[in-house]
Amino acid sequence: MNRLSLGAQREELERIAPELLARKPETKPHELPELPNVRGTVVMRFAPYPSGPLHIGHARAVLLNDYNVRRYGGKFILAYDDTIGSEEKPLMPEAYDLIAEGMEWLGAEVHEVIYKSDRMPAFYQQADLLIARGGAYVCECASQELRANREKGVACAHRGRTPDENVELWRRMLDGGYGEGEAVVRLKTDMRHPNPAFRDRVLFRISEREHPRVGTRYRVWPLLEFSWAVDDHLLGVTHVLRGKDLVMEDEMEKAIWDYLGVQRRPEFIHYGFLFFKEMDLSKSKLAKDIREGRLSGVDDPRTWSLQSLRRRGIRREALRTFILSFGMSLTDVEVSAENLYAENRKVIDPVANRFFFVPDPVRIAIEGLPDIREVHPPVHPDFPERGTRTLAVSPTAYVPRVDYLAFRNEEIRLKDFCNVVLDERARFTGRGVKDIPKIQWVCEAVPMRVVMPDGAVTEGLAEANLRAARIGDVVQLERFGFVRIDAIDGGITAYLAHR
RNA sequence: GCUCCCGUAGUCUAGUCCGGUCAAGGAUAGGGGCCUUUCGAGCCCCCGACGUGGGUUCAAAUCCCGCCGGGAGCACCA
């Protein structure tokens, strides 16, 4: 059974146990609309350009694809869109692994991985055909000239050449007869097409840059539109999910298929942009900032990369629910990360055990403290069965500076410990729980630093019990926020998820 | 400028294709209360929207037209 192809496996299963195929989506939020024209196996693809790690914005494309593939029991292809790119958008060799890592963390079920840079023979072959059929021509205009003509809607002299002439010039391009920028292959649409964006777009151009995977083996590279016209067909893609910036690319693929005689075509579905109030996302810009040291690495919280979210203790389920809540509409979305945090809080609150952390500590002496050695706050207030933790106490304690300044000379409660009139020399007033402000504190402590979402570091003291935490644990520092424990050595380092 | 797309509360979203069951549902944020030895969680209540003008219709968030607002494409990037 396992030797059969995915499609054959599916057919077989459909025959013997059709109910197993009606897989329920794993996410609890509202159902997304059905995909149009589903018949046979749904094949979808996600095509990132490897210029940097995936960030939260890419999660939308990945998760939407993954959602539909799971829903229909289909096939998901991860296709590295690693054509040569441009000067402004260089390929980043490490990005391949970073992207795979991000996809895996998201829990996307990928069935096949392909690289555009491996498929050049197929692109060349289809280009031969397209040019021979008069669907494309070699143009020697300078890019400025080309652009000006497009704007004016006039054809250049090269447009009138015969297919035979173009085949020959295309050969010349491949054989190195042209330098960078000296010739391109253009799709023959209509120079007077009402949409100026659609007038004889470029399909291939020459680049002598070195490619991280295939080096200098190729110098004529396809643009996204052509490579996808070929591969959506060859790979049997049935449904293409794209950002709405790529709507015109649909038409270009269709025009190419018209020339190539491709009958079976995928459905195109577009979704609007996703903006976050608190971030400015750009894979290339992030890569640049990391390279130039403005960010600490691919998981610096300011990158909003999937790696950084993981490091902060954002859970994939929360991200999935959050992202899928936007649906698949063409409407642009501008949302606050607070909504993500709200989802994440629901996921981690039950698992996050409680600890005290005192940021920017102020030392106080408690006068009149009875002979108490330790106190036993609950590990988690909602789960008494998890037991209590032990905190050593003494007349010397540390409290957060903000609370010290806010409540000085007032009676407050050191939570789970005792009440004092707060001051440098604090006066013990009893141990009974009262309706007064309650703040966290430590006596016996371990140094701790918390990396905040903006990259700043908050230093302070944490209760010694935190030393027994494991790296990766998500805990709640009471009255401070939820953090993921990132390192435990002499002290503790954690990343803040959110309050 | 040309081509195309979108417009439900502070924010996100359901409903719009096939008009009535929508005096518009949910989430988040905000306000109030309960509970709680956290400013966490939970529970209850409240606030709050169909961009606008016209038309069609017994009936329009849903259909048609104009306007306004926002966005995208017009790269030898993806």
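Labels below follow one simple rule: chain letters A, B, ... track the order of the sequence lines, proteins then strands, and each chain is numbered from 1.
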Could you tell me whether [X] contacts a base, only the sugar-phosphate backbone, or nothing, with contacts defined as non-hydrogen atoms closer than 4.0 Å?
| X | answer |
| --- | --- |
| A:Leu224 | base |
| A:Pro194 | sugar-phosphate |
| A:Glu88 | base |
| A:Phe482 | sugar-phosphate |
| A:Leu223 | sugar-phosphate |
| A:Cys141 | base |
| A:Ala497 | nothing |
| A:Asn353 | nothing |
| A:Ser207 | nothing |
| A:Val333 | sugar-phosphate |
| A:Asp332 | sugar-phosphate |

Under 4.0 Å between a side-chain N or O of [X] and OP1 or OP2 of [N]?
| X | N | answer |
| --- | --- | --- |
| A:Arg150 | B:rC76 | yes |
| A:Ser143 | B:rA75 | no |
| A:Arg199 | B:rC74 | no |
| A:Arg205 | B:rC77 | yes |

Base of [N] paired with side chain of [X] (donor-acceptor, under 3.5 Å):
| X | N | value |
| --- | --- | --- |
| A:Glu343 | B:rU28 | no |
| A:Arg499 | B:rG40 | no |
| A:Glu249 | B:rA78 | yes |

Take atom [atom1] of [X] and atom [atom2] of [N], then tell me their distance rounded to the nearest Å.
| X | N | atom1 | atom2 | answer |
| --- | --- | --- | --- | --- |
| A:Asp81 | B:rA78 | CG | P | 7 Å |
| A:Asn339 | B:rU13 | CG | P | 10 Å |
| A:Glu334 | B:rU11 | CD | P | 9 Å |
| A:Leu32 | B:rG26 | CG | P | 20 Å |
| A:Glu225 | B:rG73 | CD | C1' | 11 Å |
| A:Phe275 | B:rG71 | CZ | C1' | 7 Å |

Hey, are [Y] and [X] close enough side-chain-wise for a donor-acceptor pair under 3.5 Å?
| X | Y | result |
| --- | --- | --- |
| A:Trp257 | A:Asp232 | no |
| A:Lys277 | A:Ser336 | no |
| A:Thr321 | A:Glu343 | no |

### Message
Taking the basic N atoms (NZ, or NE/NH1/NH2) and the acidic carboxylate oxygens, is any pair closer than 4.0 Å for A:Glu463 and A:Arg389?
### Response
yes
### NZ/NE/NH1/NH2 to OD/OE distance under 4.0 Å, A:Asp66 and A:Arg320
yes
### Query
Using Watson-Crick and G-U wobble pairs with both distances under 3.5 Å, what is the 5'-to-3' dot-bracket string of RNA chain B, with [ ] for crossing pairs and | for pairs outside the strand?
(((((((..((((......[....)))).(((((.......)))))....(((((..]....))))))))))))....
### Message
Is the distance between the ring centroids of A:Phe356 and A:Trp441 under 6.0 Å?
### Response
yes
### Message
Aromatic contact between A:His498 and A:Phe482, with the criterion being ring centroids under 6.0 Å apart: yes or no?
### Response
yes
### Query
Which nucleotides of nucleotides 42-52 of chain B have their base under 4.0 Å from a protein heavy atom (B), which only their sugar-phosphate (S), and which neither (-), written as one string 5' to 3'?
-----------
### Task
Quickly, which of A:Ile323, A:Ile269, A:Leu241 forms a side-chain contact (heavy atoms from CB on, under 4.5 Å) with A:Leu64? Name it, please.
A:Leu241
## Note on the structure
Result for 5'-nearest mapping on RNA chain B, choosing between A:Arg354 and A:Val202, is A:Arg354
### Task
Starting from the 5' end of RNA chain B, give me the residue, A:Met328 or A:His380, whose nearest nucleotide shows up first.
A:Met328
Exercise answer: donor-acceptor pairs, residues 89-96 of chain A side-chain atoms, under 3.5 Å, sequence neighbours excluded:
from: A:Tyr96; atom 1: OH; to: A:Asp82; atom 2: OD2; distance (Å): 2.6

### Ring geometry between A:His55 and A:His58 (parallel below 30°, tilted from 30 to 60°, perpendicular above 60°)
tilted
### Message
Parallel, tilted or perpendicular, judged at 30° and 60°: which one describes the rings of A:Phe226 and A:Phe123?
### Response
perpendicular
